[in-house]
*Asks:* 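Here it is: the structure, laid out below.
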Amino acid sequence: MRILLTNDDGVDSLGIKVLADSLSDIAEIFVVAPDRERSGTGHGITVFSPLMVSKVDHLDTVKEAWVVNGTPADCVKLAISALVPEVPDLVISGINRGSNLGTDVLYSGTVSGAVEGVIMGVPALAVSLNSFKHDADFAYAGKFTRSLCLQLAKDGFERDLLLNVNLPDMPRESIHGVRITKLGSRRYENLFEERKDPRGKTYYWLGGGIIEETQDEDSDVAAVNDGFVSITPIHFDLTDYRLINEFRQRYAEFVDKV
Ligand code: MN
């Protein structure tokens with residue numbers, strides 16, 4: 001098996017090292033990752049400036065690794081199009097420091113790295129650990145991802161498969177199990193702190209915590225809060241199928257009226 005890793009926390013992140021170490025006995029590992037923290041960059045790509053690429057050798061359990069001055073989506077697109085010698089069987093983006101639940105998936109560089117894999121025709125996982133602590137323990141998340149990869153290989157790597165995996169920040173013995181979930185609701189306070197720069201100009205810095213809301217039992221947010229690993233099958237088709245027929249009828253003659 002051949003696996004491409006990326007991580008929006010940057011090429012030096014612990015999450016990427018843990019994944020490489022956890023998977024190297026079952027797969028040939030390639031890494032293409034951003035040169036710095038790119039969390040929250042969503043699916044942005046770089047088109048108006050060059051992508052600079054360097055080989056790196058600080059990861060000793062990988063076949064080849066490159067660092068890129070781009071986003072996770074850039075990294076995966078560039079990797080599959082130009083860097084890795086053969087198309088990988090699987091793209092894994094993570095392990096991210098911090099969960100990616102509900103609407104987070106739209107802002108998440110981690111999830112976008114995985115989405116780009118599927119756009120490029122390769123099944124993909126986004127893996128996140130629900131902890132921002134600097135001594136967060138990624139070990140079980142690495143083991144879990146390894147087991148999941150073996151299962152996906154057994155199932156034959158379905159082409160459009162895109163799984164958003166979130167693990168609670170708990171020791172293995174405290175985790176209750178796995179729930180297959182839907183995306184829940186994730187809203188933030190959106191507190192823009194107003195500050196002054198040294199020359200007196202006003203600037204803003206976005207902060208603010210999560211707004212705790214009642215969640216559907218079968219949501220990713222509820223699963224992680226209840227101590228389960230959450231696996232959400234996702235896709236990037238944003239079409240609102242509920243409204244297609246209604247709008248076809250309502251706007252059928254619209255072109256004649258304008
Ligand atoms: Mn991140």
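As the structure lists them, so they are numbered: ligands from 1, and atoms in each ligand from 1.
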*Asks:* Of all residues at least two apart in sequence or in a different chain, which pass the ring-ring contact (aromatic ring centres under 6.0 Å, His included) check with His176?
*Replies:* Phe228
*Asks:* Would you call Asp220 and Arg186 a salt bridge, using N to O less than 4.0 angstrom?
*Replies:* no
*Asks:* Within the 4.5 Å heavy-atom criterion, are Val122 and Leu4 side-chain neighbours or not?
*Replies:* no
*Asks:* Identify whether the distance between the nearest side-chain nitrogen and carboxylate oxygen of Asp9 and Arg97 falls below 4.0 Å.
*Replies:* no
*Asks:* Any salt bridge linking Asp240 with Arg242? Criterion: basic side-chain nitrogen under 4.0 Å from a carboxylate oxygen.
*Replies:* yes
*Asks:* Protein N/O/S atoms under 2.8 Å of the Mn ion (ligand 1)?
*Replies:* Asp8 OD1, Asp9 OD1, Ser39 OG, Asn96 OD1
*Asks:* Is the backbone of Val111 close enough, under 3.5 Å, to the side chain of Ser108 for a donor and an acceptor to pair up by distance?
*Replies:* yes
